[in-house]
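Following: one structure in structure tokens, then a few remarks.
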2 protein chains.
Amino acid sequence: MSYKIKSRIWIESEKNVLLGEGRVHLLKAIEETGSLSKAAKSLKISYKKAWHLIDSVNKSAKKPVTINSTGGKGGGGTELTDYGKSLIKAFDDINKNCWAFLDKQLEKIEEI
Amino acid sequence: MSYKIKSRIWIESEKNVLLGEGRVHLLKAIEETGSLSKAAKSLKISYKKAWHLIDSVNKSAKKPVTINSTGGKGGGGTELTDYGKSLIKAFDDINKNCWAFLDKQLEKIEEI
DNA sequence: AATCGTTATATTTGAAAAGATATAACGTTA
DNA sequence: TAACGTTATATCTTTTCAAATATAACGATT
């Protein structure tokens, strides 16, 4: 049984974390549900934690990643901007490539 | 000002973390000082924390990574095994390559 | 105006991680 | 055998982080 290589990547802007695995996961859930509270429930994290994450994302990004509305039909909701979608796409792409890259590096520890 | 990509890699064995950045840093300090207590001081972490880290490393690895001796000349000490040195070398190598790889991926978020 | 489900935010509570302190065990050296 | 500096380990305190709870604000709908 050999060792495994694990990795985490994230995108930063000015020392603040912009996007990591968890934030991308949350953003995808928002895209599916149209709501931050529903997204939080689906990921089984507290609404507070989810809200802070999205707040941090929007404060770190150059342009808004989500549009949040309160009141009105259905009480409000949260949806992704096109900018947000392109960020997710870039993150997923880089992350996937990183895994593939590390897979090729595995042979370096197989013999150890 | 563009975003940055950061990464962390680590080596696991059977769900236990074997080597990460902090552990490698500690092992290198042990190699230089010949002592766990001196290494802990140089990294400004508690001896307790350092000891637990090395204990975990040796319990997760297939073969001993350090040799710990108590008593005797100088009170004892800790030194790396050849196996430990090869693990560090592999980790550093993979980590360096990962950075270089991610550097090349940067262009994918430069335009965002 | 009353209702609704959502976003937004503060406060409290609990758990887990880290830090500090103390002490035993060890084996060479003098 | 007494001393030394190290490894090894337990216990207590402190700090930090996550979770839970509560409540206000919002705006279309009725």
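Chain identifiers are assigned alphabetically (A, B, ...) following the order of the sequence lines, protein sequences preceding nucleic acid strands; residue numbering begins at 1 within each chain.
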Check: Could you walk me through whether Glu21(A) and Asn95(A) pass the side chain to side chain contact (heavy atoms under 4.5 Å, CB included) check?
Finding: CA-CA 9 Å; Glu21(A) 213 168 78; Asn95(A) 204 27; 4.0 Å; yes
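Atom NE2 in His52(A) sits about 13 Å away from atom C1' in dT7(C), given to the nearest Å. Separating the CG atom of Leu36(B) from the C1' atom of dG5(D) is a distance of 13 Å, rounded to the nearest angstrom. Distance CD1 (Ile67(B)) to P (dT7(D)): 14 Å, rounded to an integer number of Å. Taking atom NZ of Lys49(B) as the reference point, atom P of dT16(D) lies 13 Å away to the nearest angstrom. Put simply, CH2 on Trp51(B) is 14 Å from C1' on dT6(D), counting in whole angstrom units. Atom NZ in Lys41(A) sits about 14 Å away from atom P in dA20(D), given to the nearest Å. Taking atom NZ of Lys59(A) as the reference point, atom C1' of dT9(C) lies 11 Å away to the nearest angstrom. Atom C1' of nucleotide dT7(C) and atom CG of Leu53(A) are separated by 15 Å, given to the nearest angstrom.
Distances shorter than 4.0 Å separate some side-chain N or O of Thr78(A) from OP1 or OP2 on dT7(C). Phosphate proximity of dA8(C) to Asn68(A): present, with a side-chain N or O under 4.0 Å from OP1 or OP2. In this model, the phosphate group of dG5(D) is not approached by any side-chain N or O of Ser37(B) to a distance below 4.0 Å at OP1 or OP2.
Nucleic acid contact for Lys38(B): sugar-phosphate only, since backbone atoms but no base atoms lie under 4.0 Å from a heavy atom of the residue.
From Ile9(A), atom CD1 reaches atom CH2 of Trp99(A) across 9.0 Å, with rounding to the nearest 0.5 Å.
In terms of hydrophobic clustering, with Ile, Leu, Val, Met, Phe, Trp and Tyr side chains grouped at heavy-atom distances under 4.5 Å, Val57(A) and Leu26(A) are assigned to a common cluster.
For the pairing with Thr66(A), the side-chain contact (heavy atoms from CB on, under 4.5 Å) check across Asp55(A), Ile54(A), Leu36(A) returns one residue only, Ile54(A).
A 4.5 Å side-chain heavy-atom check between Leu106(A) and Tyr3(A) finds every atom pair outside the cut-off.
Between Ser35(B) and Lys48(B), the one whose closest nucleotide on DNA chain D sits nearer the 5' end is Ser35(B). Where Gly75(A) and Tyr47(B) meet DNA chain D, the nucleotide closest to each residue was compared, and Tyr47(B) sits on the side nearer the 5' end.
At a cut-off of 3.5 angstrom, counting only N and O atoms as typed in the model, there is no donor on one side facing an acceptor on the other between the side-chain of Lys73(B) and the base of dG27(C).
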